[in-house]
Participant: 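Before I ask anything, let me first share the structure, which is written out below as structure tokens.
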Amino acid sequence: MATTTCSNGTKARFEGKNVLLTGASSGLGRSLALQLASCGVQTLLLSARKQAELEKVKAQCETLASESLDVQIVLADLSDKESVAKLAESARTANIDVLVNNGGVSSRSDFVDTSIEVDETVMQINFLSGAALAKAVVPGMIQKGQGAIIWISSVQGLLAIPSRTSYCASKHAVQGYCESMRAELASTGVTVHVASPGYIRTNLSLSAVTGDGKAYGKVDPTTAAGADPDEVAVTILDAVTKGSADFTVASGFSATVAIYLRTLCPAVLRSLLNKRYEKSKKKDD
Ligand SMILES: NC(=O)c1ccc[n+]([C@@H]2O[C@H](COP(=O)([O-])OP(=O)(O)OC[C@H]3O[C@@H](n4cnc5c(N)ncnc54)[C@H](OP(=O)(O)O)[C@@H]3O)[C@@H](O)[C@H]2O)c1
């Protein structure tokens, strides 16, 4: 199991809070769960579809935390609106202080080969489910005069790359939604944080959907060489504690340069992305 430690500042920020975390069964979500447990949260609602994996994460959280931690598993399928509505109801009942919209799926296909149903599913999982959960918990947060929405976006929510239309669209939607929501909530005590990670060593490419909805089923070299999810989880919670609203994490040099190029020299970035796409097609031939 990961060795997690929580800095005093981050502990003070999350101690005693009721947290809903989606995508808690694997990867970054599992790491966030362990880190939140070691930071002294009071209630941790762990959500995803895979019960056995969630049970393992729950047991690990209980080992790391003090006896007063209440870890609950709430099974939910973020692609299913009714399932999300039930999860939202559980969150309302649990009086959530911190919502972490982390559950997500990636995509691997050119837009023309991607069925509109796949676009819709990726949008529902990565964006609309999180919006529904935020609508459910924010009124309670406003009543308390405090709360936080932490949404895990991606560098690909700041910078769209080819053969990821569904994924990039869903993560760009997250960016815009949160920017708008942040201003609306500015005077309420509820803060909105968007973390945009670069590549992390998780199952994300394995479970990515292809154009017909089947799993991609491969570990991409970029994912295999990605950052340690435990370290990314620590960085995200520390950044939220420091009040960062919109930040990249583990983004690497080339992604950071590309994000600047997008604003300063968009034509150069376009040319680089065109070349990247042509190269990937030659590899596929
Ligand atoms: N890995 C990266 O390189 C990277 C980079 C930038 C951003 N991110 C973001 O980080 C977040 C976590 O992903 P990860 O990298 O940790 O990948 P992961 O290991 O594949 O974890 C994805 C999580 O999302 C859950 N999930 C997927 N589809 C779901 C559905 N239909 N209903 C409910 N839960 C669902 C999975 O749980 P079940 O399968 O049990 O349902 C799992 O817990 C995602 O939002 C992703 O976009 C990842």
Side-chain angles (χ1 to χ4, degrees), residues 20-35 45-58 73-88 99-108 118 120-130 132-133 150-161 164 166-175 178 194-209 213 215-233 235-236 247-252 255 259:
L20 167 60
L21 169 66
T22 65
S25 62
S26 160
L28 179 59
R30 173 187 169 277
S31 298
L32 284 166
L34 302 186
Q35 188 61 15
L45 259 57
L46 301 178
S47 187
R49 291 165 302 176
K50 296 192 186 87
Q51 181 159 11
E53 297 307 313
L54 286 172
E55 297 285 1
K56 281 184 216 159
V57 177
K58 177 178 189 253
I73 289 175
V74 189
L75 294 179
D77 183 347
L78 300 178
S79 71
D80 175 350
K81 284 183 193 164
E82 274 182 33
S83 183
V84 173
K86 284 187 192 147
L87 175 59
L99 165 64
V100 189
N101 279 329
N102 165 76
V105 66
S106 189
S107 65
R108 291 288 184 286
V118 166
E120 282 170 354
T121 301
V122 173
M123 214 64 181
Q124 168 61 32
I125 295 172
N126 291 355
F127 167 53
L128 292 169
S129 68
L133 294 175
I150 305 172
W151 210 320
I152 308 303
S153 180
S154 167
V155 160
Q156 291 172 29
L158 299 167
L159 175 78
I161 63 170
R164 304 275 195 290
S166 312
Y167 185 67
C168 290
S170 68
K171 295 295 189 181
H172 274 70
V174 167
Q175 294 286 153
C178 287
V194 182
S196 296
Y199 293 109
I200 316 170
R201 267 195 322 275
T202 69
N203 291 332
L204 193 71
S205 72
L206 267 179
S207 59
V209 283
Y216 176 67
K218 293 181 213 165
V219 179
D220 282 339
T222 43
T223 305
D228 179 336
D230 291 340
E231 287 175 15
V232 175
T235 306
I236 289 172
F247 54 97
T248 56
V249 45
S251 57
I259 290 166

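Every number for a ligand or one of its atoms is a count from 1 in the order of the listing.
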Participant: S26: which residues meet the side-chain contact (heavy atoms from CB on, under 4.5 Å) condition with it, sequence neighbours left out?
Facilitator: N203
Participant: Going by an N to O cut-off under 4.0 Å, is there a salt bridge joining E53 and K56?
Facilitator: yes
Participant: Can you list, by chain and residue number, every protein residue with a non-hydrogen atom closer than 4.0 Å to ligand 1?
Facilitator: G23, A24, S25, S26, G27, L28, A48, R49, K50, A76, D77, L78, S79, N102, G103, G104, I125, I152, S153, S154, Y167, K171, P197, G198, Y199, I200, T202, N203, L204, S207
Participant: Taking atom types as modelled, is there a side-chain donor on N101 or T22 under 3.5 Å from an acceptor on the other?
Facilitator: no
Participant: How many angstroms lie between atom CG of D230 and atom CD of Q35, to the nearest 0.5 angstrom?
Facilitator: 8.0 Å
Participant: Can you name the one residue among V74, V100, L99, L87 that meets side chain to side chain contact (heavy atoms under 4.5 Å, CB included) with L45?
Facilitator: V74
Participant: Could you give the distance from CD1 (I259) to OG1 (T248), rounded to the nearest 0.5 Å?
Facilitator: 5.5 Å
